[in-house]
Amino acid sequence: MWILTQNGKRILSTKGLDEIAVADPAEGKTDFAVMLRRRTDGKPFALGFYAKKERAADVLKEIFEVQSEFYPLKNVDEAGAKLTNIIVPPKVYEMPPDKDQAFAREIAIGKGCSV
């Protein structure tokens, strides 16, 4: 599966990864990160950032659920005869925004503030 990062600047593959996990805020930061770590060299990549650990954990669960889904495809030959069904996993996932930050932006914009 491919994952589009929250900032839309990278698409990362889950193939060859060691884990996707929620990481505590880095030193001097306040947001929790959902991180992907490569199996080959252990290099971490941030997929998205969230103000609350619970929100980051919910996103992690959503990635798991999407990765666990399978979509049936009808396999039909040229004559229209049905062959064996093929089941494929989803191919992409887009990291959602932090709901708290999106809500705060909506309030600020509604009050005439620029964000």
Side-chain angles (χ1 to χ4, degrees):
M1 179 169 74
W2 291 94
I3 299 177
L4 176 64
T5 59
Q6 191 179 52
N7 65 8
K9 294 183 179 181
R10 293 187 96 160
I11 299 173
L12 299 165
S13 174
T14 58
K15 184 178 180 178
L17 65 85
D18 186 37
E19 70 178 358
I20 299 175
V22 174
D24 289 334
E27 189 174 326
K29 303 289 183 180
T30 59
D31 288 341
F32 293 87
V34 176
M35 303 289 293
L36 178 145
R37 188 171 49 131
R38 291 194 307 209
R39 182 179 309 136
T40 53
D41 59 5
K43 187 171 183 179
F45 293 95
L47 299 172
F49 298 91
Y50 302 93
K52 295 183 180 175
K53 191 171 191 171
E54 295 81 12
R55 172 70 174 137
D58 287 344
V59 170
L60 184 65
K61 288 177 193 170
E62 189 175 295
I63 292 170
F64 176 77
E65 289 168 2
V66 169
Q67 180 64 33
S68 299
E69 292 175 359
F70 288 88
Y71 300 101
L73 297 177
K74 296 198 187 300
N75 190 5
V76 179
D77 68 9
E78 292 176 7
K82 185 178 176 185
L83 304 172
T84 310
N85 280 342
I86 299 172
I87 299 177
V88 296
K91 299 293 183 195
V92 295
Y93 178 82
E94 185 174 347
M95 293 298 291
D98 188 337
K99 290 179 183 177
D100 292 337
Q101 290 176 354
F103 181 69
R105 280 193 296 274
E106 288 174 19
I107 291 173
I109 291 169
K111 292 181 178 178
C113 301
S114 61
V115 178

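Fair warning: this is a prediction, and the values are worked out from it, not measured in the lab.
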Open item on the list: Just so I know, are the side chains of Arg37 and Ile20 near enough to count as touching, which here means a heavy-atom distance under 4.5 Å?
Closed with: no
TODO: Quick one: pull up CG in Leu36 and CG in Leu17 and give me the separation to the nearest 0.5 Å.
DONE: 5.0 Å
Task: CA sep, side-chain torsions, deciding dist, call: Met1, Ile3, side chain to side chain contact (heavy atoms under 4.5 Å, CB included) - done: CA-CA 7 Å; Met1 179 169 74; Ile3 299 177; 4.2 Å; yes
Open item on the list: When you compare the side chain of Thr14 with that of Gln67, does any pair of heavy atoms fall below 4.5 Å?
Closed with: yes
Open item on the list: For the OG atom of Ser68 and the NZ atom of Lys61, what is their distance to the nearest 0.5 Å?
Closed with: 13.5 Å
TODO: Please tell me if the side chains of Pro25 and Lys53 come closer than 4.5 Å, counting only heavy atoms from C-beta onward.
DONE: no
Open item on the list: Can you tell me how far apart CE (Met95) and OH (Tyr50) are? Round to the nearest 0.5 Å.
Closed with: 3.5 Å
Task: Side chains of Val92 and Leu4 in contact at under 4.5 Å (non-hydrogen atoms) - done: no
Task: All side-chain hydrogen bond (donor to acceptor under 3.5 Å, both in side chains) counterparts of Asp58, not counting sequence neighbours - done: none
Open item on the list: Within this structure, what is the CD1-OG1 distance for the pair Ile11 and Thr5, rounded to the nearest 0.5 Å?
Closed with: 8.0 Å
Task: Under the salt bridge (Lys or Arg N to Asp or Glu O under 4.0 Å) test, residues paired with Glu94 that sit two or more places apart - done: none
- [ ] Any chance you could measure Gln6, atom CD, to Asp31, atom CG, to the nearest 0.5 Å?
- [x] 8.5 Å
- [ ] Might you point out which heavy atoms bring Ala46 and Met35 nearest each other, and give the distance in Å?
- [x] CA-SD, 3.5 Å
Task: CA sep, side-chain torsions, deciding dist, call: Glu62, Tyr93, side chain to side chain contact (heavy atoms under 4.5 Å, CB included) - done: CA-CA 9 Å; Glu62 189 175 295; Tyr93 178 82; 2.7 Å; yes
Open item on the list: So, using salt bridge (Lys or Arg N to Asp or Glu O under 4.0 Å) as the criterion, who are the partners of Arg38 when residues are at least two apart?
Closed with: Asp41
Open item on the list: Would you compute the distance between atom CZ of Phe49 and atom CG of Asp98 and round it to the nearest 0.5 angstrom?
Closed with: 11.5 Å
- [ ] Indicate yes or no: at least one non-hydrogen side-chain atom of Arg10 is less than 4.5 angstrom from one of Phe45.
- [x] yes
Task: Stepwise side chain to side chain contact (heavy atoms under 4.5 Å, CB included) check, Phe32 with Asp24 - done: CA-CA 5 Å; Phe32 293 87; Asp24 289 334; 3.5 Å; yes
